[in-house]
Enquirer: 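Have a look at this one.
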Amino acid sequence: MILYAKKLKIFTGNANPELALEITDYLGIAPGNIKVGRFCDGEINVSIEESVRGADIFLIQSTCYPANENVMELLIMMDALRRASARRITAVLPYYGYARQDRKLKARVPITAKLLANLITAGGASRVVTMDLHAGQIQGFFDIPVDHLPAVPILAEYFKGLDLGRVVVVSPDVGGVTRARDFANRMGASIAIIDKRRPTPNVSEIMNIIGEVNGRTAIIVDDLIDTAGTIAQGAEALLEHGAKEVYACCTHPVFSEPAKERLEASPLKEVVVTNTIPVQPFSKVKVLTVAPLLGEAIIRIHEDLSVSKLFE
């Protein structure tokens, strides 16, 4: 698809330039000319190498590892674009980091998801496009429009192409039931829930399996996989409860250590992820691209069309 709107410009930082290039290829335009480097002391140095006056800017930057570096790159790039008289700046955040602290579960802890929303707004964003927020209410942390895109259609379409027989879609916790139900509806499958608790961050204990999994192919669906403890334990628990085989999928492959080792050692048949975060595929991992979805969303926002029509 070729877009001839000269006022549409796509810029990217260092978080996920491969995805940004896929998006510009899909749109049929060249990526914006920007230099994002470092001063000798490590401070970020940004220079926009072309005019952006009056342009509709889409700035693609996942706030993934190294999160602090990528967040600061995002903020500094937005400041540079705003001061260069861009007409509108849309922050395209395929992965919205700092989202797991979205409420106070105990005294004297931050709400980092709200803090990051404040920073992005203050930095100059007019609009935000993101995918599969860790909690849907994070949209309400912004006082600017947020387009929240789901990856479930992409993931479900992949699994529908496999011959899996009777399928049960499994949510790894109660909070993910809505996502699992959407996925199950697209697959024509039933759902189950893993009952777990977290004694400490990044540590989970499987308590029970709610739902019928015996004799079925189980697909665990989550928004992200971090250290893979829940997914690996969940796969073992599902097999113990009679599941025929177990797959897993997620939108955001955070894959902190020791995720790779856990996934390789787990009984999972395959782990399907998207490229919202750069990831090097390994034996059990299949990576799907979200570039066409984000590209279509960019076209619709630029042309003032409905984004929700993409999912009807």
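In what follows, every heavy atom counts, from backbone to side chain, and hydrogens, waters and symmetry copies are set aside.
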Enquirer: By the definition side-chain contact (heavy atoms from CB on, under 4.5 Å), identify the one residue from T251, V169, D223 that meets it with R179.
Expert: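 It is D223, the one option of T251, V169, D223 that forms the side-chain contact (heavy atoms from CB on, under 4.5 Å) with R179.
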Enquirer: Which pairs would a plain distance check flag for residues 238-247, meaning a side-chain donor or acceptor within less than 3.5 Å of a matching protein atom at least two apart in sequence or in another chain?
Expert:
residue, atom, partner, partner atom, Å
H241, ND1, A237, O, 2.9

Enquirer: Looking at side-chain heavy atoms only, is the closest gap between L149 and V307 below 4.5 Å?
Expert: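 Sidechains of V307 and L149: in contact.
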Enquirer: Tell me every residue that passes ring-ring contact (aromatic ring centres under 6.0 Å, His included) with Y98, counting only those two or more places apart in sequence or in another chain.
Expert: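 By the ring-ring contact (aromatic ring centres under 6.0 Å, His included) rule, Y98 matches no residue at all.
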Enquirer: Between E257 and T227, does the side-chain hydrogen bond (donor to acceptor under 3.5 Å, both in side chains) criterion hold? Intermediate values first, please.
Expert: CA-CA 6 Å; E257 291 296 334; T227 60; over 6 Å; no
Enquirer: Would you say the side-chain atoms of K114 pair up with the backbone N or O of F141, donor to acceptor, closer than 3.5 Å?
Expert: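 Pair found, side chain donor or acceptor close to backbone of F141.
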Enquirer: Tell me every residue that passes ring-ring contact (aromatic ring centres under 6.0 Å, His included) with Y96, counting only those two or more places apart in sequence or in another chain.
Expert: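 ring-ring contact (aromatic ring centres under 6.0 Å, His included) list for Y96, sorted by chain: F142.
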Enquirer: Might you confirm whether atom CZ of R181 has over 12 heavy atoms from other residues, nucleotides or ligands at distances under 6.0 Å?
Expert: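 Open.
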Enquirer: I'd like to know if the side chain of S256 pairs up with that of D226 as donor and acceptor (distance under 3.5 Å, no hydrogens or angles considered).
Expert: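 There is such a pair (donor and acceptor under 3.5 Å, judged by atom type) between the side chains of S256 and D226.
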Enquirer: Ignoring hydrogens and geometry beyond distance, is a side-chain donor-acceptor pair present between Q61 and T63 at under 3.5 Å?
Expert: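 Judged by distance alone, the side chains do not pair up.
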Enquirer: Shortest non-hydrogen contact from M78 to A91?
Expert: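 Heavy-atom minimum between the residues: SD-CB, 4.3 Å.
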Enquirer: Give a yes or no on whether the backbone of L133 and the side-chain of H148 come within a donor-acceptor separation of less than 3.5 Å.
Expert: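 Between the backbone of L133 and the side chain of H148 there is a qualifying donor-acceptor contact (under 3.5 Å).
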Enquirer: With a 4.5 Å limit on heavy-atom distance, are the side chains of I219 and L164 in contact?
Expert: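 They are in side-chain contact.
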Enquirer: Could you check whether any side-chain heavy atom of P94 comes within less than 4.5 Å of a side-chain heavy atom of L294, counting everything from C-beta outward?
Expert: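 Side chain of P94 against side chain of L294, heavy atoms only: contact under 4.5 Å found.
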Enquirer: Would you mind reporting whether I48 and N33 have side-chain heavy atoms less than 4.5 Å apart?
Expert: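 N33 does not reach I48 side chain to side chain.
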Enquirer: If every non-hydrogen atom of F311 is compared with every non-hydrogen atom of R186, which pair is closest and at what distance?
Expert: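 What the structure gives for the nearest pair is O-NH2, 4.5 Å.
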Enquirer: Could you walk me through whether V170 and I191 satisfy the side chain to side chain contact (heavy atoms under 4.5 Å, CB included) test, starting with their C-alpha distance in whole Å, then the side-chain angles of each, then the deciding distance to 0.1 Å, before giving a yes or no?
Expert: CA-CA 6 Å; V170 182; I191 72 167; over 6 Å; no
Enquirer: For E69, what residues pass the salt bridge (Lys or Arg N to Asp or Glu O under 4.0 Å) criterion, not counting sequence neighbours?
Expert: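 Scan of E69 (salt bridge (Lys or Arg N to Asp or Glu O under 4.0 Å), adjacent residues dropped) gives R38.
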Enquirer: With T289, which residues qualify under side-chain hydrogen bond (donor to acceptor under 3.5 Å, both in side chains), at least two apart?
Expert: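 Expected list: E22, N275.
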Enquirer: What pair of heavy atoms forms the shortest contact from L21 to P31, and how long is it?
Expert: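 So the minimum-distance heavy-atom pair works out to CD1-CG, 4.4 Å.
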Enquirer: Can you check whether I10 reaches L27 side chain to side chain, under 4.5 Å on heavy atoms?
Expert: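 They are in contact (side-chain heavy atoms under 4.5 Å apart), so the answer is yes.
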Enquirer: Partners of Q280 by side-chain contact (heavy atoms from CB on, under 4.5 Å), sequence neighbours excluded?
Expert: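 side-chain contact (heavy atoms from CB on, under 4.5 Å) check on Q280 returns nothing, list empty.
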Enquirer: Determine yes or no for a side-chain-to-main-chain donor-acceptor pair under 3.5 angstrom, with S62 supplying the side chain and Y95 the backbone.
Expert: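 Yes; at least one donor-acceptor contact below 3.5 Å.
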Enquirer: With no hydrogens and no angle check, is any side-chain donor or acceptor of N70 less than 3.5 Å from a backbone partner on C64?
Expert: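 Side chain of N70 to backbone of C64, a donor-acceptor pair under 3.5 Å: yes, one is there.
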Enquirer: Identify, with sequence neighbours excluded, every residue that meets side-chain contact (heavy atoms from CB on, under 4.5 Å) alongside K104.
Expert: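 Here the qualifying residues are V109, I111.
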Enquirer: Write down the atom of A99, the atom of I138, and the distance for their closest heavy-atom approach.
Expert: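 Where A99 meets I138 most closely, the heavy atoms are CB-CD1, 3.6 Å.
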Enquirer: Quick one: does I298's side chain get under 4.5 Å of L8's, heavy atoms only?
Expert: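 I298 vs L8: side chains touch.
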Enquirer: Is there any side-chain hydrogen bond (donor to acceptor under 3.5 Å, both in side chains) pair reaching into residues 10-19, and which pairs are they, with sequence neighbours excluded?
Expert: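 Non-adjacent pairs meeting side-chain hydrogen bond (donor to acceptor under 3.5 Å, both in side chains): N14-E73.
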Enquirer: List in chain and number order the residues that pass salt bridge (Lys or Arg N to Asp or Glu O under 4.0 Å) with D102, two or more places apart in sequence or in another chain; answer none if no residue qualifies.
Expert: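 Salt bridge (Lys or Arg N to Asp or Glu O under 4.0 Å) check on D102 returns nothing, list empty.
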Enquirer: Under the criterion side chain to side chain contact (heavy atoms under 4.5 Å, CB included), I'd like the reasoning laid out for R127 against I301: C-alpha separation, chi angles, the key distance, then a yes or no.
Expert: CA-CA 10 Å; R127 187 182 199 99; I301 292 166; 3.8 Å; yes
Enquirer: Would you call V273 and L288 a side-chain contact if the rule is heavy atoms closer than 4.5 Å?
Expert: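 A side-chain contact is absent here, since even the closest heavy-atom pair is not under 4.5 Å.
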Enquirer: Identify the two heavy atoms, one from P172 and one from T230, that lie closest to each other, and give their separation to 0.1 Å.
Expert: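 Nearest heavy atoms, P172 then T230: CB-CG2, 4.0 Å.
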Enquirer: Could you check whether any side-chain heavy atom of I209 comes within less than 4.5 Å of a side-chain heavy atom of D195, counting everything from C-beta outward?
Expert: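 Side-chain contact under 4.5 Å: no.
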Enquirer: Determine which pairs satisfy side-chain hydrogen bond (donor to acceptor under 3.5 Å, both in side chains) with at least one residue from residues 75-94, sequence neighbours left out, and list them in order.
Expert: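 Listed by first then second residue: R53-S85, D56-R88, D79-R82, D79-R83.
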Enquirer: Sort out for me which residue in I89, V46, L59, V92 forms a side-chain contact (heavy atoms from CB on, under 4.5 Å) with F11.
Expert: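 That would be L59; it is the only one of I89, V46, L59, V92 passing the side-chain contact (heavy atoms from CB on, under 4.5 Å) with F11.
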Enquirer: For the pair K284 (side chain) and S266 (backbone), establish whether a donor and an acceptor sit closer than 3.5 Å, ignoring hydrogens and angles.
Expert: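 Yes, the answer is positive, given that a donor and an acceptor are paired below the 3.5 Å cut-off.
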Enquirer: With the threshold set at 4.0 Å, does a side-chain nitrogen-carboxylate oxygen contact exist between R300 and D147?
Expert: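 Result for this pair is no, no salt bridge flagged.
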Enquirer: Sequence neighbours excluded, which residues qualify as ring-ring contact (aromatic ring centres under 6.0 Å, His included) partners of F255?
Expert: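 ring-ring contact (aromatic ring centres under 6.0 Å, His included) check on F255 returns F282.
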Enquirer: What pairs of residues pass the side-chain hydrogen bond (donor to acceptor under 3.5 Å, both in side chains) test when at least one of them lies in residues 150-171, not counting sequence neighbours?
Expert: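 Checked against side-chain hydrogen bond (donor to acceptor under 3.5 Å, both in side chains) - neighbours excluded - the pairs reaching residues 150-171 are Y158-E270.
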